[in-house]
Peer 1: 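Got a structure here, written out as structure tokens. Questions coming.
Order of the sequence lines fixes the chain letters, A, B, ..., with proteins taken first and strands second; residue numbering starts at 1 for each chain. Fair warning: this is a prediction, and the values are worked out from it, not measured in the lab.
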Amino acid sequence: MLDIALIRSKPDWVKEQIEKLNDEGALARIDAIVDLDARRRETRTRIETAQAARNKLNRAMGALRGNKRMTDGEKANRAQLAAAALGAEDYEQASRLMAGAEPATPDKHAEMKAAFDELIRELRIMGDEIGEGFRRIEAIEAELKENMLWLPNLPHESAPVFESEDDNIPGPMQGSLREFDFEPKPHWELGPALDIIDFERGVKLSGSRYYTLKGWGARLQRALISFFLDAARENGYTEVYVPNIVHGEMLYGAAQFPKFQDTVFSLADEEKYLIPTAEVGIANLHRGEILEEACLPLQYVAHSPCYRSEKASAGRDVRGIKRVHQFEKVEMFKFATPETSYTELETMTRQAEAICAALDIPYRRLEIVTGDLGFSATKKYDIEMWSPGCGEWLEVSSCSNTEAFQARRAMLRYYPSGTRKTRYLHTLNGSGLATPRVMIAIMENNQQADGSIMIPEALRPYLGGAKRIEAIKN
RNA sequence: GGAGAGGUGGCCGAGUGGUUUAAGGCGAUGGUCUUGAAAACCAUUGUACGGUUCUCCGUACCGCAGGUUAGAAUCCUGUCCUCUCCGCCA
């Protein structure tokens, strides 16, 4: 979520920022938000003032009824006078009467019960009006929140302003392209040929976009996961294992919901969901807590399966394992102060690149332009590996700073050193890395003329020292 | 899955409808005292939102959500979670 105070104070500036994004409809929400916010504050101030008066009167009521120094006649008379004052909406006068501060005439004939009933009747009228007011505030705030939840994050000033993903700015390729003296095959041919990816049986089990890995395929994936986790740990990230099934609230916290609700799988008999990334769990780890600045930045890494329904991508990338409903990913995540978050983003991105370099696969960094930033990032870098079989660049990592966008939703805060004033943390996330696409890149780059695949040196310790996935002899 | 017990501030813990502030303790922070420290004593103590503007004031929050009441931590209903025992299970 954005800072409502920022929208309130600089609505036109916020609109200018949103115009840089490729997000139809977000702009119109700003005017609605400004209006709802003004109504919310006006109503809240008015109703809370009335509530303050009522609280005071209710306490005075108890004090009057229980007062041991007053005669019943005086109490009855005071109740009568107070009820009249309430009828005239003079709450101060009524309070003073009940507290015994104003003179009253003890009246032996006044009926205690009748007098108090009258007073209670006036208080009930007041209470009904206030109740109605709070219901109105709730409705306004629900609408305001709904609008806020649909509003994307604003781009950082350093994000290049262009329209779409076609304008993303590629950096120079790192590493060297393989030179093949044969036509390199795509992984959807290599996998079945080596009997390490079985598409048919995956489809038999679960339908399209599911697959099974077998033998070296399954082992290669497991090796990659271990390698990625070790690399992150060496960079100072604490390894965590998080639930793969979470409350919907966590998905709001990580800013998947409400906008991307239909990309997430939900459970049939519970209000819980399969995570689309381990980021969901990590981002909410410190939900509702207030951290001390001295422990920042907090760095976590987690491996998890990622479940994505991919409804919006029907028909795209239908061959192979580039876009599937279930895959494995190692996710890096940082909680940082606003002062350090952008240098932390650079560090994290370089760490993801270093993993690509260690695997000896040609890769490049893509600077994401404002029109392709997505919903929650202020600045983003993608890292792509070249796949000679598919003939395309594969996104294997995406590193983002969300500033306080997730922090406001999940209540992630810290006390700056020496103060007790809370501040929102900045959160950063980056894949490090995602397995199916890295496997594609390894298979397609390292394929040999005889059909075998060379295993990157960095992975060999995880595979019993094996150097190569041998072709099947016919 | 069955039975029982419970959920109150950073922590422990009191509080069964009201005479305006969730008692008390621990911890933490600041101060006094001291060469320094400890001890003792004094003071302070959460979060969000709104108003005010640098200091306060107000509202809400006692797991969560409803309800009863002029008034709820307290009574009622639902729900979630934790613990203990039993059953099942890797």
Peer 1: Could you give the distance separating B/rA90 and B/rG6 at their P atoms, to the nearest angstrom?
Peer 2: 34 Å
Peer 1: Could you check which residues of residues 242-256 of chain A get a heavy atom under 4.0 Å from RNA chain B? Sort them by number, please.
Peer 2: none
Peer 1: If you look only at distance, which donor and acceptor atoms sit under 3.5 Å apart when one is on a side chain in residues 289-301 of chain A and the other is two or more places apart or in another chain?
Peer 2:
unit_1: A/Glu289; atom_1: OE1; unit_2: A/His286; atom_2: ND1; d: 2.9
unit_1: A/Glu292; atom_1: OE2; unit_2: A/Arg420; atom_2: NH2; d: 3.0
unit_1: A/Glu293; atom_1: OE1; unit_2: A/Ser417; atom_2: N; d: 2.7
unit_1: A/Glu293; atom_1: OE1; unit_2: A/Ser417; atom_2: OG; d: 3.3
unit_1: A/Gln299; atom_1: OE1; unit_2: A/Lys334; atom_2: NZ; d: 2.9
unit_1: A/Gln299; atom_1: NE2; unit_2: A/Gly236; atom_2: O; d: 3.2
unit_1: A/Tyr300; atom_1: OH; unit_2: A/His286; atom_2: NE2; d: 2.8

Peer 1: Does B/rG87 pair with anything, Watson-Crick or G-U wobble, both distances under 3.5 Å, and if so, with which nucleotide?
Peer 2: none
Peer 1: Examine B/rU68: is either OP1 or OP2 under 4.0 Å from a nitrogen or oxygen in the side chain of A/Arg124? Give yes or no.
Peer 2: no
Peer 1: Is any NZ, NE, NH1 or NH2 atom of the basic residue among A/Glu118 and A/Arg121 found under 4.0 Å from an Asp or Glu carboxylate oxygen of the other?
Peer 2: yes
Peer 1: Cut-off 3.5 Å, no hydrogens considered: what does the side-chain donor-acceptor table look like for residues 400-414 of chain A, sequence neighbours left out?
Peer 2:
unit_1: A/Asn401; atom_1: OD1; unit_2: A/Glu403; atom_2: N; d: 2.8
unit_1: A/Asn401; atom_1: ND2; unit_2: A/Ser341; atom_2: OG; d: 3.0
unit_1: A/Thr402; atom_1: OG1; unit_2: A/Thr427; atom_2: O; d: 3.3
unit_1: A/Thr402; atom_1: OG1; unit_2: A/Thr427; atom_2: OG1; d: 2.7
unit_1: A/Glu403; atom_1: OE2; unit_2: A/Tyr342; atom_2: OH; d: 2.4
unit_1: A/Gln406; atom_1: OE1; unit_2: A/Thr427; atom_2: OG1; d: 2.7
unit_1: A/Gln406; atom_1: NE2; unit_2: A/Ala254; atom_2: O; d: 3.1
unit_1: A/Gln406; atom_1: NE2; unit_2: A/Glu279; atom_2: OE2; d: 2.8
unit_1: A/Arg408; atom_1: NH1; unit_2: A/Met1; atom_2: O; d: 2.6
unit_1: A/Arg409; atom_1: NH1; unit_2: A/Tyr252; atom_2: O; d: 3.1
unit_1: A/Arg409; atom_1: NH1; unit_2: A/Phe257; atom_2: O; d: 2.9
unit_1: A/Arg409; atom_1: NH2; unit_2: A/Leu149; atom_2: O; d: 2.8
unit_1: A/Tyr414; atom_1: OH; unit_2: A/Arg423; atom_2: NH1; d: 2.8

Peer 1: Can you tell me how far C1' in B/rU84 sits from the matching atom in B/rC11, rounded to whole Å?
Peer 2: 23 Å
Peer 1: In Watson-Crick or G-U wobble terms, both distances under 3.5 Å, what is the partner of B/rA5?
Peer 2: B/rU82
Peer 1: Only distances under 3.5 Å count here; give the side-chain donor-acceptor pairs of residues 123-133 of chain A to other protein atoms, sequence neighbours excluded, each with its distance to 0.1 Å.
Peer 2:
none

Peer 1: For B/rU59, does either OP1 or OP2 sit under 4.0 Å from a side-chain N or O belonging to A/Asn55?
Peer 2: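 Checking B/rU59 against A/Asn55, a side-chain N or O does come within under 4.0 Å of OP1 or OP2.
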Peer 1: Can you pull the salt bridge (charged side-chain N to carboxylate O under 4.0 Å, His left out) pairs that have at least one residue in residues 210-227 of chain A, sequence neighbours excluded?
Peer 2: A/Asp195-A/Lys214
Peer 1: For A/Arg54 and for A/Ile290, locate the closest nucleotide of RNA chain B by heavy-atom distance; then report the residue assigned to the nucleotide nearer the 5' terminus.
Peer 2: A/Ile290
Peer 1: When rounded to the nearest Å, what value does the distance between P atoms of B/rU68 and B/rC83 take?
Peer 2: 35 Å
Peer 1: Can you check the A/Met61 CE to B/rG17 P distance for me, whole Å?
Peer 2: 17 Å
Peer 1: Mind checking what makes side chain to side chain contact (heavy atoms under 4.5 Å, CB included) contact with A/Leu6, not counting sequence neighbours?
Peer 2: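 A/Leu6 satisfies side chain to side chain contact (heavy atoms under 4.5 Å, CB included) with A/Asp3, A/Lys10, A/Trp13, A/Val14, A/Leu154 once adjacent residues are dropped.
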Peer 1: Roughly how far apart, to the nearest Å, are B/rC88 and B/rA73 at atom C1'?
Peer 2: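 Those two atoms are separated by 39 Å.
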Peer 1: With C1' as the reference atom in both, quote the distance from B/rG15 to B/rU21 in angstrom, rounded to an integer.
Peer 2: 15 Å
Peer 1: Starting at the 5' end of RNA chain B and moving along, which residue's nearest nucleotide shows up first, A/Arg8 or A/Gly127?
Peer 2: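 The residue mapped nearer the 5' terminus is A/Arg8.
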Peer 1: In terms of heavy-atom contacts, does NZ of A/Lys20 have more than 12 from other residues, nucleotides or ligands at under 6.0 Å?
Peer 2: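 Count over threshold, so yes.
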Peer 1: Measure from CD on A/Glu138 to P on B/rC61 and round the result to the nearest Å.
Peer 2: 12 Å
Peer 1: In whole angstrom, give me the gap between the C1' atoms of B/rC57 and B/rC75.
Peer 2: 33 Å
Peer 1: If we take the P atom in both B/rG17 and B/rC54, what is their distance in whole Å?
Peer 2: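 Pairwise P distance, B/rG17 against B/rC54, rounds to 45 Å.
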Peer 1: Under a 4.0 Å threshold between the charged nitrogen and the carboxylate oxygen, would A/Lys329 count as salt-bridged to A/Glu331?
Peer 2: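 So A/Glu331 pairs with A/Lys329 through a salt bridge.
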Peer 1: Which of residues 36-50 of chain A sit near RNA chain B, with a heavy atom under 4.0 Å from it?
Peer 2: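 Under 4.0 Å from RNA chain B: A/Arg40, A/Arg41, A/Arg44, A/Thr45, A/Glu48.
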Peer 1: Output yes when at least one side-chain N/O atom of A/Thr422 is less than 4.0 Å from OP1 or OP2 of B/rA48, else no.
Peer 2: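 A/Thr422 to B/rA48 OP1/OP2: side-chain N or O found under 4.0 Å.
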Peer 1: Where is the tightest heavy-atom contact between A/Ser376 and A/Asn153, given as atom of each residue plus distance?
Peer 2: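 Of all heavy-atom pairs spanning A/Ser376 and A/Asn153, the closest is O-ND2, 2.9 Å.
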Peer 1: Just how far, in rounded Å, is C1' of B/rU69 from CG of A/Leu119?
Peer 2: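 Rounded to the whole Å, the gap is 14 Å.
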Peer 1: Which residue pairs satisfy the salt bridge (charged side-chain N to carboxylate O under 4.0 Å, His left out) criterion with at least one member in residues 224-237 of chain A, sequence neighbours excluded?
Peer 2: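 Pairs touching residues 224-237 of chain A that pass the test: A/Asp230-A/Arg233.
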Peer 1: List in chain and number order the residues that pass ring-ring contact (aromatic ring centres under 6.0 Å, His included) with A/Phe333, two or more places apart in sequence or in another chain; answer none if no residue qualifies.
Peer 2: A/Phe335
Peer 1: Can you tell whether the side chains of A/Glu310 and A/Arg209 come within less than 4.0 Å, N to carboxylate O?
Peer 2: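 Salt bridge: no.
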Peer 1: Rounding to an integer number of Å, can you tell me how far A/Arg59 CZ sits from B/rG58 P?
Peer 2: 9 Å
Peer 1: Name each donor-acceptor pair under 3.5 Å that joins a side chain in residues 29-36 of chain A to protein atoms two or more places apart or in another chain, with its distance.
Peer 2:
unit_1: A/Arg29; atom_1: NH1; unit_2: A/Asn147; atom_2: OD1; d: 3.0
unit_1: A/Asp31; atom_1: OD1; unit_2: A/Lys15; atom_2: NZ; d: 2.9

Peer 1: Rounded off to whole Å, could you give me the CZ-to-C1' distance for the A/Phe134 and B/rG50 pair?
Peer 2: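 Atom-to-atom, A/Phe134 to B/rG50, this comes out as 11 Å.
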Peer 1: Counting Watson-Crick and G-U wobble pairs only, both distances under 3.5 Å, name the nucleotide matched with B/rU32, or none.
Peer 2: B/rA40
Peer 1: Could you check how far CG of A/Leu291 sits from P of B/rG46, rounded to whole Å?
Peer 2: 18 Å
Peer 1: At less than 4.0 Å, is any side-chain N or O atom of A/Gln51 found next to OP1 or OP2 of B/rA60? Yes or no.
Peer 2: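 Checking B/rA60 against A/Gln51, a side-chain N or O does come within under 4.0 Å of OP1 or OP2.
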Peer 1: Would you mind reading off the distance between A/Glu141 atom CD and B/rU59 atom P, rounded to a whole angstrom?
Peer 2: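 Answer to the nearest Å: 17 Å.
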Peer 1: What pairs with A/Phe265 under ring-ring contact (aromatic ring centres under 6.0 Å, His included), at least two apart in sequence or on another chain?
Peer 2: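 Testing A/Phe265 for ring-ring contact (aromatic ring centres under 6.0 Å, His included), a comparison that skips the adjacent residues, returns A/His325.
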Peer 1: If I take atom NZ in residue A/Lys56 and atom P in nucleotide B/rU19, what distance separates them, rounded to the nearest angstrom?
Peer 2: 16 Å
Peer 1: Tell me which residues in residues 410-417 of chain A lie within less than 4.0 Å of RNA chain B, going by non-hydrogen atoms.
Peer 2: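 A/Met411, A/Arg413, A/Tyr415 - these, ordered by number, are the residues of the stretch whose heavy atoms sit under 4.0 Å from the strand.
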Peer 1: Say you pick atom C1' in B/rU52 and the same atom in B/rC41; how far apart are they, in whole Å?
Peer 2: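 After rounding to an integer number of Å, I get 37 Å for this pair.
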